[in-house]
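Report on the following structure.
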Amino acid sequence: MLKVTIDLEAIRHNYHVLKSESGVEVMPVVKADAYSHGIERVAGTLFAEGARTFGVGTVDEGVLLRKSLPQATIYSLLGPLGLDDYKNLIIFGIKPVIHSWDQLTTLAECLTLKDQLRIGLKFDTGMSRLGFKPEACGRLVEFFRVNPALNPDMICSHLAFADNPDMGHQARQQLEVLNSVCEAFNQSGYKHKRSLANSAAILNFQQSLGDLARPGIALYGGNPFVNTAIAEKGRRLKQAMHVSAPVLSVHQLPKGQGISYGLTFTAPRDMRVAIIGCGYADNYARSLSNKSWMLFDGHRLPVLGRVCMQLTAVDVSSVPEISFGDQVFVLGGPGSGCIDVHELAGWWKTISYEVFCLLGKNEKKYINF
Ligand SMILES: *Cc1c(COP(=O)(O)O)cnc(C)c1O
């Protein structure tokens, strides 16, 4: 029963912060349904602000976005996975970011004589996740010579440590490797955009910016440097997601009485409790049992006992006026008690990315469009 509100003004604001911080072209990363903020609304809003290139995850996401943004350049960061994906790249004009020989050779086989496709190439410069090894450069250049229908127009890699202020040397090493790859392609006459920076690098690793910056989390208001010595680098970002749930019942909890499954919380004094319509079925994690807080009218309400499938109890002793039908915030909310995504992520023992991705899967509405 969680209700998600997305503040599109916050997303516009964050985009302009990142544009002015980077000074290069910004490709908003809207994979995973824009970190569950809703890909069509987020990308549409940013297109209106001047963004022309978008990074989606799967090709299917690209197909969806193509229908609402016929003019945009769309890169699929994962590239084609199933056979339909290879066809859809051509039909819908989506540029795949290719990370393996398997993808590259299948793609070449799927092209007909008249097809032309521009692609991105992803290199593994030290994260050991996806990407060609830098040593593959020579063979790749050869491949493009015999397959002129395919044209690499973007070369990218991903940083393993960009959000850790102490890992600058690792990030610099990755940048050097990427630069040498780009140099090899340049010398072979393949002009391309160079792209390395995610949100953290945009805000703290100027040299990595290249030609195309790829922010994700910062667009949605997550601070990559939360709980570090350089947290102030993300202070201008505004959280776009707010999530609320209804009060289903308010009643007394007498001193000594336990509450919810396992009676893991026992009232230390006479209390008033509210039963809130939210639980792990809404992606409000069970691990938040006895750990998290909700917000009502500026008051923080501690969660009491276990989070259930669709119900969670909170202490409302401090807010006598709360009653059936009121909404409490589990994330965000107005005023100084606003539950910051990093605060909730801390109680949840995870990161802002996962909180957005999970809670944002509930029913959404948009404000400030
Ligand atoms: C998700 C992703 C990004 C964005 O990363 P943030 O840390 O959210 O800014 C950038 N590039 C690639 C390839 C990604 O997969």
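Atoms within a ligand are numbered from 1 in the order they appear, just like the ligands themselves. One-based numbering along the sequence shown.
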How would you list all residue pairs meeting salt bridge (Lys or Arg N to Asp or Glu O under 4.0 Å) that involve residues 122-151, not counting sequence neighbours? Asp124-Lys133

For Leu8 against Arg41, the heavy-atom pair lying closest together: CD1-NH2, 4.0 Å

Residues around ligand 1, heavy atom under 4.0 Å from any ligand atom, sorted by chain and number. Can you pull those? Val29, Lys31, Tyr35, Leu77, Lys122, His158, Asn198, Ser199, Arg214, Pro215, Gly216, Ile217, Tyr353

Quick one: OG on Ser157 to CG on Leu159, what's the gap to the nearest 0.5 Å? 7.0 Å

Pairs touching residues 201-248 that satisfy ring pair (Phe, Tyr, Trp, His ring centres under 6.0 Å), sequence neighbours left out: Tyr35-Tyr220, His37-Tyr220

For Arg214 and Ser195, test the side chains for any donor-to-acceptor distance below 3.5 angstrom and give the result as yes or no. yes

Tell me, which pairs form a salt bridge (Lys or Arg N to Asp or Glu O under 4.0 Å) where one or both residues lie in residues 307-333, sequence neighbours left out? Arg269-Asp315

